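The structure appears right after this line, and notes come after that.
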Amino acid sequence: MQIAKVRGTVVSTHKEPSLRGVKFLLLQFLDEEGQLLPKYEVAADTVGAGMDEWVLVSLGSAARQVADSNTRPIDAMVVGIIDTVSVDNHVLYSKKDQYR
């Protein structure tokens, strides 16, 4: 898994039938210090993540291990919304602080 920040949404009106009803997010990956990297990914979202939230992203075949996704052509899936990230007793990110 990797950590990324939700930067936007992706809308597609014409797509593979198994992807109908799937929400897609544009994610930007973060480094170990919480800085944005120049790498983006489009990921399916089943947890309801919103703009600017930090999320856990499962990539590759592991992304299809989520219920009802094993037959979909998905190789990136948002599998969690992050509440906090701490490194060496230092809070790198806190969702509650984000909205203050």
Side-chain angles (χ1 to χ4, degrees):
M1 281 189 280
Q2 291 189 331
I3 296 176
K5 183 176 183 176
V6 178
R7 304 295 284 176
T9 58
V10 177
V11 178
S12 173
T13 55
H14 299 283
K15 56 190 160 199
E16 158 64 33
S18 68
L19 296 175
R20 288 189 186 129
V22 177
K23 176 182 169 186
F24 292 101
L25 297 176
L26 179 64
L27 307 177
Q28 187 171 10
F29 290 104
L30 299 162
D31 68 14
E32 65 278 357
E33 295 176 351
Q35 300 300 310
L36 294 168
L37 295 169
K39 182 178 178 191
Y40 290 82
E41 182 79 46
V42 174
D45 173 35
T46 59
V47 297
M51 283 295 297
D52 295 325
E53 287 187 307
W54 284 26
V55 294
L56 292 173
V57 185
S58 185
L59 300 169
S61 61
R64 289 184 294 279
Q65 300 304 310
V66 177
D68 300 326
S69 293
N70 58 348
T71 59
R72 292 179 172 163
I74 294 172
D75 62 351
M77 176 78 74
V78 175
V79 295
I81 300 170
I82 296 173
D83 294 314
T84 60
V85 176
S86 301
V87 178
D88 295 328
N89 293 322
H90 169 72
V91 176
L92 192 61
Y93 169 81
S94 172
K95 184 176 176 177
K96 67 178 181 176
D97 292 341
Q98 176 186 9
Y99 298 106
R100 286 188 181 174

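Throughout, residue positions are numbered sequentially from 1 according to the sequence presented. Just so it is clear, the values below take in all heavy atoms, side chains as well, and ignore hydrogens, waters and symmetry mates. No experiment lies behind these values; they were computed from the predicted model shown.
- In terms of heavy atoms, Ser58 sits closest to Val79 at CB-CG1, 3.9 Å.
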Which side-chain N or O atoms in residues 21-34 pair as donor and acceptor under 3.5 Å with protein atoms at least two apart or in another chain?
unit_1, atom_1, unit_2, atom_2, d
Lys23, NZ, Asp45, OD2, 3.3
Lys23, NZ, Ala49, O, 2.8
Gln28, OE1, Arg7, NE, 3.0
Gln28, OE1, Tyr40, OH, 3.3
Gln28, NE2, Leu37, O, 2.8
Gln28, NE2, Tyr40, OH, 3.4
Asp31, OD1, Glu33, N, 2.8
Asp31, OD1, Gly34, N, 3.0
Asp31, OD1, Gln35, N, 2.8

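- Cluster membership for Val11 and Met51, using ILVMFWY side-chain heavy atoms within less than 4.5 angstrom, is not shared.
- The CE atom of Met77 sits 13.0 Å away from atom CE of Met1, with the distance rounded to the nearest 0.5 Å.
- One finds a salt bridge joining Glu53 and Lys95 here, because a Lys/Arg side-chain nitrogen approaches an Asp/Glu carboxylate oxygen to under 4.0 Å.
- In this structure the side chain of Val78 never reaches within 4.5 angstrom of the side chain of Leu56, judged on heavy atoms.
- In this structure, Leu59 CG and Glu41 CD are separated by 5.5 Å, a value rounded to the nearest 0.5 Å.
- The side-chain heavy atoms of Asp83 and Ser94, taken from C-beta on, include no pair separated by under 4.5 Å.
- Residues Ile82 and Val55 are not in side-chain contact: their nearest non-hydrogen atoms beyond the backbone lie 4.5 Å or more apart.
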